[in-house]
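Here is the structure we will look at, set down as structure tokens.
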Amino acid sequence: MAAVLAVVVLVAVLAVWLGWFSSALTASRVEVRGVPAAASGRVRAVAAVPLGGPLLRVDTAAAAERLLADKAWGRVTVTRALPDTVVISVTPRVAVLAVRNPQGEVDVVDRDGVAFRTVGAPPKDVPLVSSGAAQVTKAGVEAALQALGSLEPSLRDEVSGVSVSTADQVSFTVASKGKERKTVVWGGAGDGPRKAELVKILLPEPGSTIDVSVPSSPVTR
């Protein structure tokens, strides 16, 4: 029994020595997954994984924290792969809205409301909205996307001035068949198809504002 125990201890000590102190398992390369090759350099730079030392001493949690702090990636995992590789897997955030913030800058926002890039102009096919809040919340993003997605394409093409309030309420202006523009108070997320139908019905009616924030009681004024 003592001999078996001695062997187990020896193996454990050998494993610790190999992984933590010897050059047999040296961290010598970083493999990036989840992004095109052209973008992998940025991932490596932000992760700043130290190479040249024992693989098992690489602080994978610290590398993951640096990547998450950059906000460009929604999910990040950093693992070790014997004998010499640190593997980084990232899921890039996807832009769904471009938000003109109170400072006049354009923040690119994902579906969770995370602003992960500031640009001079909104990316192609990404709707531009304005906001009085420092950051649009997930509920505000959902409401804006629902409003734009629920309208008929011909009507959506006439939409401008989309705004998301600090209370996640959406409003915009729209015109139909060359008529003067009207303000639509859409409100929050929910009842998208019903609200869109009400906007279509009430657009020809008198008044400069259509309020469908409470679809059971639409108002024109």
Side-chain angles (χ1 to χ4, degrees), residues 1-127 131 133-142 144-145:
M1 179 66 69
V4 172
L5 181 60
V7 171
V8 171
V9 171
L10 181 61
V11 170
V13 170
L14 180 61
V16 170
W17 179 79
L18 283 172
W20 287 81
F21 301 103
S22 80
S23 60
L25 301 177
T26 298
S28 60
R29 59 188 296 265
V30 175
E31 179 182 337
V32 178
R33 301 173 182 173
V35 296
S40 61
R42 181 185 174 193
V43 176
R44 289 186 176 90
V46 174
V49 175
L51 300 178
L55 179 65
L56 296 186
R57 298 181 72 173
V58 173
D59 191 339
T60 55
E65 287 178 5
R66 288 190 287 272
L67 287 164
L68 289 171
D70 191 60
K71 294 188 178 181
W73 304 283
R75 293 182 182 178
V76 174
T77 60
V78 183
T79 57
R80 307 177 188 90
L82 298 176
D84 63 352
T85 305
V86 176
V87 179
I88 300 176
S89 298
V90 296
T91 302
R93 296 189 187 276
V94 177
V96 297
L97 279 184
V99 182
R100 193 174 299 282
N101 60 33
Q103 292 73 41
E105 300 173 323
V106 177
D107 295 324
V108 177
V109 176
D110 75 351
R111 192 169 289 274
D112 291 326
V114 176
F116 62 94
R117 191 167 69 246
T118 300
V119 296
K124 184 180 179 181
D125 299 327
V126 176
S131 176
Q135 180 177 339
V136 176
T137 67
K138 182 177 181 179
V141 171
E142 182 181 354
L145 292 178

Rounded to the nearest 0.5 Å, what separation is found between the CZ atom of Arg111 and the CZ atom of Arg93? 13.5 Å
Locate the shortest heavy-atom distance separating Val86 from Val78; write the atom from each residue and the value. CG1-CG1, 3.7 Å
Any side-chain heavy-atom pair from Leu51 and Ser28 closer than 4.5 angstrom? no
Can you list the steps and then say if Val35 with Val43 is a side chain to side chain contact (heavy atoms under 4.5 Å, CB included)? CA-CA 9 Å; Val35 296; Val43 176; 4.2 Å; yes
Is it the case that atom CZ in Arg80 sees more than 12 heavy atoms from other parts of the structure closer than 6.0 Å? yes
What are the two closest non-hydrogen atoms of Pro123 and Ala98, and how far apart are they? CD-CB, 4.4 Å
Would you mind listing every salt bridge (charged side-chain N to carboxylate O under 4.0 Å, His left out) that reaches into residues 32-49, with sequence neighbours excluded? Glu31-Arg33, Arg42-Asp70
Check each of Leu68, Ile88, Leu67 against Val46 using the side chain to side chain contact (heavy atoms under 4.5 Å, CB included) test, and report the only one that passes. Leu67
Smallest heavy-atom separation, Asp107 atom then Ala115 atom, equals CB-CB, 3.9 Å
Testing the basics here: between Leu97 and Val126, what is the closest heavy-atom pair and its distance to 0.1 Å? C-CG1, 3.4 Å
Decide yes or no for Val76 and Val90: does some side-chain heavy atom of the first lie under 4.5 Å from some side-chain heavy atom of the second? yes
Got a donor-acceptor contact below 3.5 angstrom from the Asp112 side chain to the Val114 backbone? no
How close do Ala63 and Val49 get, heavy atom to heavy atom, and via which atoms? CB-CG2, 4.1 Å
With Leu55 as reference, evaluate Thr85, Thr26, Leu82, Asp84 under the side chain to side chain contact (heavy atoms under 4.5 Å, CB included) test and give the passing residue. Leu82
Closest non-hydrogen atoms of Ser131 and Val99, given as atom of the first, atom of the second and distance, are CB-CG1, 3.8 Å
